[in-house]
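The block underneath contains the structure these notes are about, expressed in structure tokens.
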Amino acid sequence: MQMKVGLLFSLTGITSITERGQYEAASFAISEFNEQHAEIEAIVRDISSDPRKSAEEAEALALDGVKIFIGCYTSACRKAVLPVLEKYDCLLVYPTLYEGQEDHPNVFYTGEVPNQQVHILIDYFMHHYGKRIYLIGNDYIYPRETNEQVKTYTSGKNGEVIEERYVPFGNQEFHEVIQDIILKKPDVIFSTLVGKSVPAFYRKYKQMGLSPESVPIFSPITKETEIEAMGAEFGAGHYSSASYFQSLSNPLNQSFIQRFHRFSEGKKPVSSVMYNTYLGTKIVLDSMLKLRAFDREKIMGYMGGKRMDTACGTLRVDANGRHLSRPVKIGKALPDGQFDIVWDSDKNINPEPFKISTRKASRVNEIVLEAWGQISEEAIIALSENGTIQYLSRKAAELTGFRKGNRLTKKMIGQLNDAFQVISHEAKHKHLLLLKPRIGRKSIPVMKFGRVRTRNEQYQLELETARIAAQSTANVLILGETGTGKEVVAKSIHEMSDRRNGPLISVNTGLIPKNLIASELFGYVEGTFTGARKGGAIGKFEAAQKGTLFLDEIGDMPMDLQVILLRALETKRIVRLGDTNEREVDIRIIAATNRNLPEEIAYGNTFRSDLYYRLNVLSLTIPPLRERPEDIEGLIREMLEELKDSYGDGPDQVNGEALQLLVEYPWPGNIRELRNVIERAYLLARSKARDITQDDFPANLRGYTARKPMQQLSLREVEKDAISKALRETKSVLEAARKLGIARSTLYRKIKEFGISI
């Protein structure tokens, strides 16, 4: 029986310090299996801590016939591959502790769920240290979902979360966070940091004078491998929890450690996620051997209820073959990098992935509302009977700044009516508000900043940062989608600053060939390369002397040149290519990008974090045009005036129906797309000597209103679709009811109400 198994681990990237060990543990389990059976081909793919790459690699392997996958450390990566598993009916061995709230039929979860790990940590530190907790984590799924459960569980025990902080995935700057911890004086710190953030946080903690005797760190994540990465002296005295620790002194563990060290040719530390990887791989491979089959359902059915003696005790696979019942322990890190077991459950703790849900009981309503928001592409707010926001679509959140759980007062609802055309719908126990943009809203005055005009409140707040930037010499980072007008804002900052009499030099670093960027930025001396100008040439840095250098598309700059740029920013000196003399430069840097630089740092490892923080002294984000519809009429007026100057007489305005369409259209190309549409319409209307109408717009824009109604379904239809989908994807009404989060009796009533056949 020959079999391909896909290993999806981050051998590079933010979480590689943990996942390299998991990869070795999976390889070890496969090696032991092949020593007896020689039937498994392991195909390794480096997913680089990137969810998108995880999904791409999984699909490529699935197309090549791979049915069993092992890996995907972060919850973001796991969730990214779930659609691939469903599409090709594959099985993922997920060997990492996770936030629960999931019980997917295509996943064998061999890591701990919160009731097996997080809850016991909370009980322990509340008993021994106190109830005032400081939460710190990376900003992605696992930390946020876990901390929601921490807050709920803590509240039930009269604990207090005094602060909840999140840093970008891959962040290694913690000075300000540690200062805040010192100021707030918590009893304990609960950390859900992962990857490279872990060593950086523990080191800064110690460097700034904190000690585990006064305020210890409790983390379900920080284990032997992370402690090795940071240095044992930085981890000593802090706590973690797991089913497995390398220090367990029993014959099965001692044998496992010896065999693993022989395999890995060294004495590398072994962590719980490594052992869970080994264990999960071994269980699935043994099941396939016994069954002589690769079928996911058969494998999971065979595993269900199985018991096994392991290095961490007797484990049992739950009845549906997805989670493990296990004993758990709390360990205190020692100066040698190992853990002293300070608490042991002594018996198995059953997995309860939904023990404390971060979702409300009325799950079916939430599913319906989420689906409605996705289908309608509208700004929707669902209010409870007392005016509390129970749901709001992404669009509504962007337009209003409201959050789930906010309670809307009469004044706030009045402000909504002033700002939007509000269409109300009454539903059972809910009040739905559909927000549509108003044309020509005058309640908010126009803010002017250089060449920029806006009525949008969010943009006005961002321009206040631009105004501060103009009054300083600090570097500025402008963020925003393509076509939002980043260069216009950069020019306005320059023209409003005391450098206005100096040059503004613009460079699009994404368009210059890689081999020419250095010479373009820093210049060169005569004879540096073939074709070099006689006498050499100055670069953009020197050309911008006493002025401003605008670096557009900075996110596309090659990594090797980012190092040179960073040094130039730090020293304010540059060296021309082919020269050895340093030259001082007096410039201010404004950089811009349409990329999410924290994600580029974390997932792609394509942008340097130190350069990001050097550029990001002052930053502002330009909202996309779809989030500032109140500006569209004014932008059109400005564009028509510019077109008159270029072409002569033409239409003075856009008629009402056409203007409404322009306001409602989502503008994926932002202002640049709007400008192209208006110029085309101007020329067509000019030839007919009339105002601009819908007939002058491109076909894709004219068809937008015709397409929208087809995308919209009633809430009743969406609810029916959600229930039908759940029934198709599960084996029984009971399982479907659990997936929807409703009682089985309620589901039967809904099935009868909608006439769904089962």
Would you call [X] and [Y] a side-chain contact if the rule is heavy atoms closer than 4.5 Å?
X    : Y    : answer
D552 : T509 : no
Y98  : R78  : yes
M126 : N158 : no
R583 : R573 : no
T154 : E160 : no
S240 : I221 : no
N138 : T192 : no
K332 : H238 : no

Where do R499 and D586 land on the side chain to side chain contact (heavy atoms under 4.5 Å, CB included) test, with the steps shown first? CA-CA 11 Å; R499 291 177 175 264; D586 177 14; 2.7 Å; yes
Apply the test side-chain hydrogen bond (donor to acceptor under 3.5 Å, both in side chains) to residues Q22 and T96: give CA-CA distance (whole Å), side-chain angles for both, the deciding distance (0.1 Å), then the verdict. CA-CA 9 Å; Q22 288 184 297; T96 307; 3.1 Å; yes
Would you check, one step at a time, whether the test salt bridge (charged side-chain N to carboxylate O under 4.0 Å, His left out) holds for K268 with E228? CA-CA 9 Å; K268 298 179 181 178; E228 182 191 45; over 6 Å; no
Can you see which heavy atom on [X] is nearest to which on [Y], and at what distance?
X    : Y    : answer
M274 : A25  : O-CB, 3.1 Å
A518 : L561 : CB-CD2, 3.8 Å
R608 : Q562 : N-OE1, 2.9 Å
I181 : P186 : O-CD, 3.3 Å
Y134 : V177 : OH-O, 3.9 Å
P51  : A80  : O-CB, 3.3 Å

With a 6.0 Å cut-off (strictly less than), is the heavy-atom count around [atom1] of [X], excluding the residue itself, greater than 12?
X    : atom1 : result
H127 : NE2   : no
R567 : CZ    : no
K151 : NZ    : yes
K347 : NZ    : no

Hey, are [X] and [Y] close enough for a salt bridge, meaning a charged N less than 4.0 Å from a carboxylate O?
X    : Y    : answer
E584 : K572 : no
D139 : R144 : yes
K204 : E173 : no
D610 : R614 : no

Look only at the side chain of [X] and the backbone of [Y], and say whether a donor-acceptor pair between them is shorter than 3.5 Å.
X    : Y    : result
E462 : L620 : no
S255 : P251 : no
N276 : S272 : yes
R326 : S243 : no
R588 : A474 : yes
N171 : V167 : no
K131 : S155 : no

Verify the distance criterion only: is there a donor paired with an acceptor across the side chains of [X] and [Y] at less than 3.5 Å?
X    : Y    : value
E19  : S10  : yes
T18  : T225 : no
N147 : R165 : no
Y459 : E457 : no
S211 : S214 : yes

Measuring from atom [atom1] of [X] to atom [atom2] of [Y], what distance do you get when rounded to the nearest 0.5 angstrom?
X    : Y    : atom1 : atom2 : answer
S54  : D46  : OG    : CG    : 9.5 Å
S241 : Q116 : OG    : CD    : 10.5 Å
T74  : I141 : OG1   : CD1   : 7.5 Å
Y244 : Y278 : OH    : OH    : 10.5 Å
R467 : S472 : CZ    : OG    : 13.5 Å
Q254 : I257 : CD    : CD1   : 9.5 Å

Decide yes or no on side chain to side chain contact (heavy atoms under 4.5 Å, CB included) for I189 and I136, but give the supporting numbers first. CA-CA 7 Å; I189 300 164; I136 175 68; 3.7 Å; yes
Looking at L618, N475, I493, L477, which hits side-chain contact (heavy atoms from CB on, under 4.5 Å) with I590?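 Answer to the side-chain contact (heavy atoms from CB on, under 4.5 Å) test with I590 among L618, N475, I493, L477: I493.
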Would Y275 and F256 satisfy ring pair (Phe, Tyr, Trp, His ring centres under 6.0 Å), going step by step from the backbone distance to the final call? CA-CA 9 Å; Y275 189 73; F256 168 74; 5.0 Å; yes
One pair to check against side-chain hydrogen bond (donor to acceptor under 3.5 Å, both in side chains): Y166 and E164. What are the steps and the verdict? CA-CA 7 Å; Y166 297 96; E164 181 179 3; 2.5 Å; yes
Could you tell me how the ring of [X] sits relative to the ring of [Y]: parallel (under 30°), tilted (30 to 60°) or perpendicular (over 60°)?
X    : Y    : value
H119 : Y153 : parallel
F263 : F28  : tilted
Y140 : F169 : tilted
Y239 : F218 : parallel

[X] and [Y]: aromatic ring centres closer than 6.0 Å?
X    : Y    : answer
F550 : H494 : no
Y202 : F234 : no
Y129 : Y124 : no

Go through the steps for T15 and S49 under the test side-chain hydrogen bond (donor to acceptor under 3.5 Å, both in side chains), then give the verdict. CA-CA 6 Å; T15 55; S49 309; 2.8 Å; yes
Between V489 and I622, is a side chain to side chain contact (heavy atoms under 4.5 Å, CB included) present by the stated rule, with each step listed? CA-CA 9 Å; V489 173; I622 303 176; 3.6 Å; yes
